[in-house]
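Computed from a predicted structure; not experimentally measured. Order of listing sets the numbers, starting from 1, for every ligand and every atom in it. Values reported hereafter were calculated over all heavy atoms of this structure, with side chains retained and with hydrogens, waters and symmetry mates removed.
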Amino acid sequence: MQHKFKKQFGQNFISDVNLLKAIVSDAKVDKNDQVLEIGAGGGALTKWLSQAAEKVVSYEIDLSLESQLLSLGLENVKFVFKDALKAPIEEIEKDFDGGYKLVANLPYYITSPLIFKFLSQSSKVKSLTIMVQKEVAERIVAKAGSKDFGVLSLMCQFYSNPKITRNVGKQMFFPQPKVDSALVHLEIDKKGDMPGDKFYEFVKKCFSMRRKTLINNLQGFKNLSKSEIAKKLPEFDLNLRPEDFSLEQYLLMLEKIGN
Ligand code: SAH
């Protein structure tokens, strides 16, 4: 394959067959599944997904990979040469009959926006299995009390049950990235019926300054003063820091403040 690797598209390809098979298996893809792949690259993962799944739709931003990908002759795969972050969710999802599983080995700088896009906008995605920077994986699964716990952890856990399925060393990629990776699997499981965007605004405010107490961060939320907030949340010690409260506590707080 004669491909000029493009740094601006975060191209770090995987060729190790065991790892490619492991990604498909961690994503729990079988013949009944329709799969959305993001970042086809040279099609290494696409081939294994195509064997395992009923159907694959694979997005790739780099048009110079088109002839290579089409020459693979994968019959149950539709390649779409578009930016998956910019494509409207309705357009992406019209290719699927019902639910689908998202699988991606992606550039790291689009990890968070992509996860947010599918968690908050999709009603059809059943799970996300994504290769991310190891530090990001640790933030996604972190629990209250940990220094890694923050807005990303809360939002991922609000919409899903995230797990790290494996650590992946940087030597598994070509060209080699600077940092190690991990594969995360997020099984969709939305907690309660609070609207996600409301919860997002709230936890963003709570974590605006990590080193401040919760009450200092919350001051001004919905134009409420510190004492008004304290009155609405008598059962919480608001002098703790934002990472000291759990997802369940944040959900309860927002309900009490009135979302
Ligand atoms: N899945 C392949 C390639 C991984 S590299 C493998 O595992 O070997 C990541 C790929 O994502 C690159 O081919 C890059 O061009 C593509 N990409 C980057 N940003 C994208 C975007 N916004 N939408 C779709 N594809 C993107």
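With hydrogens and angles disregarded, no donor-acceptor distance shorter than 3.5 Å links the side chain of Asn217 to the backbone of Leu214. No side-chain donor-acceptor contact under 3.5 Å links Tyr159 to the backbone of Phe116.
Atom 8 (O) of ligand 1 has as its closest protein heavy atom Ile14 N, 2.8 Å. If you check which protein heavy atom lies closest to atom 13 (O) of ligand 1, you get Glu60 OE1, 2.8 Å. Of the protein's non-hydrogen atoms, Asp83 OD1, 2.9 Å is the one closest to atom 22 (N) of ligand 1. Here the protein heavy atom with the shortest distance to atom 6 (C) of ligand 1 is Asn105 ND2, 3.5 Å. In terms of protein heavy-atom proximity, atom 1 (N) of ligand 1 is closest to Gly39 O, 2.8 Å. With respect to atom 19 (N) of ligand 1, the closest heavy atom belonging to the protein is Pro107 CG, 3.6 Å. Scanning all protein heavy atoms for the shortest distance to atom 23 (N) of ligand 1 gives Ala84 N, 3.0 Å.
With a 4.0 Å cut-off on non-hydrogen atoms, Ala40 touches ligand 1 through its backbone and not its side chain. Under 4.0 angstrom from ligand 1, the non-hydrogen atoms of Lys82 all belong to its backbone. Neither the backbone nor the side chain of Leu20 comes within 4.0 Å of ligand 1, counting heavy atoms alone.
Inspection of the Thr213 and Asn239 side chains reveals no N or O donor paired with an N or O acceptor under 3.5 Å.
Any N or O atom pair closer than 3.5 Å counts here, and Gln11 shares at least one such pair with ligand 1. At least one N or O atom of Ile61 sits closer than 3.5 Å to an N or O atom of ligand 1.
No side-chain heavy atom of Glu91 sits less than 4.5 Å from a side-chain heavy atom of Val80.
Close contacts of ligand 1 with Glu37, meaning ligand atoms under 4.0 Å from a residue heavy atom, involve 1 (N).
Taking CD from Glu228 and CG from Asn223, the interatomic distance works out to 9.0 Å, rounded to the nearest 0.5 Å.
The pair Glu201-Lys204 meets the salt-bridge criterion, since a charged nitrogen lies less than 4.0 angstrom from a carboxylate oxygen.
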